[in-house]
Amino acid sequence: MTLQDLVRPNIWDLTPYTCARDEFSGEAQAWLDANENSRILGYNRYPDPLQKQVKQRIAELRGVNPENIFLGVGSDECIDIAYRVFCRSGIDNVVAIEPTYGMYQVCAQVNDVEYRRAKLNDDFTLNIDSIIDACDSNTKIVWICSPNNPTANAFSIQDIKKICQRFNGITIVDEAYIDFSEAGSMVSALEEFPRLIVMQTFSKAWASAAIRLGIAFASTEIIGIFNKVKYPYNISLLTQQQALTVLNNAAHIKQVVADIITARINLAKELLALKLVKEIYPSDANFLLVKVTDADAIYQYLCQCGVVVRNRSKVALCNNCLRITVGDDNENNLLIKMLQQYDSVK
Ligand SMILES: *Cc1c(COP(=O)(O)O)cnc(C)c1O
């Protein structure tokens with residue numbers, strides 16, 4: 001399969017909007033090309049449409065070239081743009097592991113693309129045969145989330161590579177939680193697999209959910225197509241500035257991530273001591289998937305206590321499971337205190 005076989009023909013043929021700043025780069029004496037207000041300074045100019053400074057810093061940190069990076073308004077935009085580039089509405093389909101992050105399905109529905117589920121094994125490992133069996137000649141994307149939300153585990157790099165080898169469409173690996181994991185990133189496999197896309201986000205380890213910034217790493221050809229489909233100025237100047245600030249604090253972020261992992265281990269120990277906790281699944285992320293005696297009742301009880309967790313008990317393989325984010329010390333202590341009270345009454 002060539003890339004052209006996988007991209008929707010209308011997108012392949014698309015002539016992108018050329019924005020005012022595409023034709024001239026450098027320092028001009030007068031910027032009279034974009035109808036901006038030149039009299040009030042600060043945020044009066046359109047931002048860099050290709051976010052060169054931010055990409056340069058990400059490229060250095062992740063060991064790729066800036067041309068292999070696309071930036072979107074959160075992973076949300078990266079996910080949606082993948083559908084719009086590769087999937088013909090009403091014709092093509094995608095395959096995703098089950099259970100996993102809900103946005104892959106929502107975006108499939110928005111784009112009128114069939115969404116197929118391939119259940120994980122009972123121990124939450126990848127069932128490679130079931131993923132490949134779910135694919136047909138109209139399957140454009142296979143979605144793998146690693147570490148996976150809500151099961152919290154990372155998949156083996158070997159297994160993910162097997163999917164890249166056996167599936168001849170686009171494999172997308174969502175690494176939103178990769179900084180909390182010992183499992184390696186698939187970013188280093190991009191050259192080996194030209195139809196691989198790896199997504200990361202500023203919303204978790206980078207502590208910047210509010211700025212809405214997501215990353216897609218891929219071949220220069222795929223990034224070029226994403227760039228032509230996106231809104232010209234999708235990433236605001238405020239977001240680009242704040243992204244540079246956090247990227248320049250990488251050492252601090254690394255320390256905080258290590259602290260969160262320590263807190264996760266301690267939280268798991270305290271939870272395990274409770275009668276209401278049946279099992280805590282191994283986590284490579286900043287949250288725990290916890291099997292309890294009665295997820296619905298405990299979820300309701302915690303809400304009444306002002307402690308909000310995610311009830312995942314209706315999700316495949318997650319019967320009676322709550323997904324609990326590792327919070328700050330006060331939040332974690334309050335959670336444990338409230339659950340101890342529940343334990344003592346039952
Ligand atoms: C939280 C999360 C994201 C982040 O999405 P943004 O739009 O970047 O905030 C992406 N993927 C998964 C699996 C997540 O859990």
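Whatever order the structure lists ligands and atoms in, that order sets their numbers, starting from 1. Start at 1 with the first residue, then count along the sequence.
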key: Contact atoms of ligand 1, heavy-atom distance to K204 under 4.0 Å   = 1 (C), 2 (C), 3 (C), 4 (C), 14 (C), 15 (O)
query = Would you call R166 and D129 a salt bridge, using N to O less than 4.0 angstrom?
reply = yes
key: F70 side chain near I81 side chain, heavy-atom distance below 4.5 Å   = yes
request  = Look at atom 9 (O) of ligand 1 and say which protein heavy atom is nearest, naming residue and atom and giving the distance to 0.1 Å.
outcome  = S203 OG, 2.7 Å
key: Pair D76 + R212: basic N to acidic O under 4.0 Å   = yes
message = At under 4.0 Å between heavy atoms, is it the side chain or the backbone of A176 that contacts ligand 1, or both, or neither?
response = side chain
task = Considering the heavy atoms of G74, write down every atom of ligand 1 situated less than 4.0 Å from one of them.
result = 7 (O), 8 (O)
remark   = Nearest heavy atom to atom 12 (C) of ligand 1, choosing from D80, D76, D174, belongs to D174
query = Just which atoms of ligand 1 are under 4.0 Å from any heavy atom in S75?
reply = 4 (C), 5 (O), 6 (P), 7 (O), 8 (O), 10 (C)
inquiry  = Please determine whether side-chain hydrogen bond (donor to acceptor under 3.5 Å, both in side chains) holds for the pair Q304 and Q300, giving the CA-CA distance in whole Å, both sets of side-chain angles, and the decisive distance to 0.1 Å.
reply    = CA-CA 6 Å; Q304 281 161 13; Q300 287 300 339; 5.2 Å; no
request  = Tell me, please: is C145 in heavy-atom contact with ligand 1, that is, under 4.0 Å?
outcome  = yes
query = Is it true that a side-chain atom of K228 and a backbone atom of I11 form a donor plus acceptor pair closer than 3.5 Å?
reply = yes
key: Top protein contact for atom 15 (O) of ligand 1, by heavy-atom distance   = Y177 OH, 2.6 Å
ask   = Do F86 and W143 have their ring centres less than 6.0 Å from each other?
value = no
ask   = Are F287 and F180 an aromatic pair by the rule of ring centers under 6.0 Å?
value = no
Side chain, backbone, both or neither: the part of N149 lying under 4.0 Å from ligand 1 by heavy atom = side chain
key: Any donor-acceptor N or O pair under 3.5 Å, side chains E98, Y115   = no
query = Would you say R212 contacts ligand 1, with heavy atoms under 4.0 Å as the rule?
reply = yes
message = Please classify the F202 to ligand 1 contact at 4.0 Å (heavy-atom distances, strictly less than): side chain, backbone, both or neither.
response = neither
